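Given the structure is predicted, the values throughout are model-derived calculations rather than measurements.
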Amino acid sequence: MTYTVAVVSAGLSQPSSTRLLADRLAEAVRAQVKEAGGEVLVEVVELRPLAHALADNLVTGFPPPELEAAIAAVTSADALVAVTPVFTASYAGLFKTFFDVLDKDALAGKPTLVAATAGTARHSLVLEHALRPLFSYLRAVVVPTAVFAATEDFGDTTSGQLQERIDRAAGELAALLAPSTVRRAPAPDPFEEVTPFEELLRGNG
Amino acid sequence: MQFGIFTVGDVTTDPTTGRTPTEHERIKATVAIAKKAEEVGLDVFATGEHHNPPFIASAPTTTLAYIGAQTERIILSTATTLITTTDPVLIAENYAKLQHLTDGRVDLVMGRGNTGPVYPWFGKDIRQGIPLAIENYALLRRLWREDVVNWEGKFRTPLQGFTSTPRPLDGVPPFVWHGSIRSPEIAEQAAYYGDGFFANHIFWPASHTQRMVNLYRRRFEHYGHGAADQAIVGLGGQAFMRKNSQDAVREFRPYFDNAPVYGHGPSLEDFAEMTPLTVGSPQQVIERTLGFREYVGDYQRQLFLMDHAGLPLKTVLEQLDILGEEVVPVLRKEFAALKPAHVPDAPTHASLVAAAAGGKDSTVYAEADSATGSRAEDAGAVR
């Protein structure tokens, strides 16, 4: 079975260590799913090119076409990997804005891996204090291991500690990707399944 | 097909001069705009309803009655009447009175309003937006159709033996449209009653309009009011025109860039592509407007927003000249040629009277009501 995994990366520099971490996570998820006999289709959503579209969406209330496509990719994916740089003790504003314009039910039940990058490991609990509550609110199923990479982790090529965390988190996400657990049924379309007016009149809207 | 304009009555600074009109100036400008609309041959003038700055659109029936007294032909409508926060008894009285004063030149578009804080100003709760729209409208219909109403609901005090006065002109209530951007319940409501559906169709992608209109048409047929393509659909629209399209873009851009609702966001070009806004030559507006029927089907009413975002009165009146002289005559001809014979026109007072096999005076005299024999003051005893 082939699973789609949306990878949202909110890094701003190019190349960005956030995207680097996102790619390593995506690769680890692909490897783990493959081991279990499945395939993974990775769909990367880079938020930097969508920065203007996101601001427009805030102002107008609707997404421009390129953002609409990104939202659809994330909403329809079987799983999500969400990676942000830490800005001023929390997720980046761009990262939050993307999840602000998603439908509140878009991530319900979706297996999700959260990760962050920062200049120093002193920010690592941002994952637990900021990202995890955000995705809990959106009713995503967030895997227990959240992956934090500080600059020094990218420098450390010998201990393998970062790769170990990446593999553990990817394994947890892969474990949630099984034919029986993946939510494939599309959400009911309120324009197809309308509440009959007699029901509304009775106050059962 | 009917053509007209709708206004939200915003008091907005003209970004090219930095000048903000006074309320008085904006109120008088609204009247001048409505009179101009009739002068250039438009069919409908509709005003919105807001109860907070920067709008002057409160007390809509006062505005409409004043305009009605100075016009002969134009239909006076709303876009929208707040069915959620306005007591349906007052709506019944005010618009029936307006019908009498203007000899039937009245219809209404019901809406829930988009300003959250307005609900508590009128003692209502925004969390009940949809249920309020449903209950209040159900009561309004009875107040216009039944001489004596006994009623009890969730959202206002019960009525016992209540007669709303004046009774609708010729015994025929004003035609009602329901407006909503994205609530399927409201399209369902319009379809259930066989009322019209008005899609705002500005500031948002046309896909929203298409979904709502499709739902309304499908359910209109489901409830047995006719075929889906016979449902009564109205659309908004937004245009700015000059002879040369580059002039239109150059002149409108500062108003666009600073406009309430969408200003400081997308570029004019992007927004014009994503929404029904057209800034260009009259010919471009004609072509764009004719294209609307490709995704909503043959429809009955087209209203344009012409006077927002701080455009000066002089400019708005020039826009109405262009609309009335160069755009609407072509649209009338083209739409008429495209419309199949079985698709009805928008109901008017005259057509509703004809459908009711003639008008009848429906005065309820104080002595006794002709239908029930009861008198308002006897209601307690009758019960």
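Counted within 6.0 Å of NE2 on H52(A), heavy atoms from surrounding residues, nucleotides or ligands total 12 or fewer; the atom is thus considered open. Counting non-hydrogen atoms of other residues, nucleotides and ligands closer than 6.0 Å to CZ of F122(B) gives a total above 12. The environment of R145(B) atom CZ is dense: over 12 non-hydrogen atoms of other residues, nucleotides or ligands sit within 6.0 angstrom. Remark: E128(A) CD is packed, more than 12 non-hydrogen atoms of other residues, nucleotides or ligands lying under 6.0 Å away.
Contact detail for M274(B) and P65(A): the closest heavy-atom pair is SD-CD, 3.7 Å. Taking each heavy atom of A138(B) and L201(A) in turn, the nearest pair found is CB-CD2, 4.1 Å. Listed here is the closest heavy atom pair of T60(A) and Y262(B): CG2-CB, 4.3 Å. When all heavy atoms of F197(A) and E188(B) are compared, the closest pair comes out as N-OE2, 2.9 Å. Counting all heavy atoms, side chain and backbone alike, L215(B) lies closest to F191(A) at CD1-O, 3.7 Å.
Contact annotation for P266(B): both backbone and side-chain heavy atoms come within less than 4.5 Å of a heavy atom of chain A. T275(B) touches chain A through its side chain: at least one heavy atom from C-beta onward sits under 4.5 Å away, while N, CA, C and O do not.
Rounding to the nearest 0.5 Å gives a distance of 8.5 Å between CD of Q189(B) and CG of L200(A). Expressed to the nearest 0.5 Å, how far CZ of R202(A) lies from CD1 of I134(B) amounts to 12.0 Å.
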| Between V194(A) and R219(B), does a side-chain contact (heavy atoms from CB on, under 4.5 Å) hold up when you go through it step by step? | CA-CA 9 Å; V194(A) 64; R219(B) 300 297 286 175; 3.5 Å; yes
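For the set P205(B), S183(B), A187(B), A191(B), the entry with the most heavy-atom pairs within less than 4.5 Å of chain A is P205(B). Between chain A and the options H222(B), M212(B), R182(B), H208(B), heavy-atom pairs under 4.5 Å are most frequent for M212(B).
Under the 4.5 Å side-chain criterion, counting only non-hydrogen atoms from C-beta, R218(B) is in contact with E192(A).
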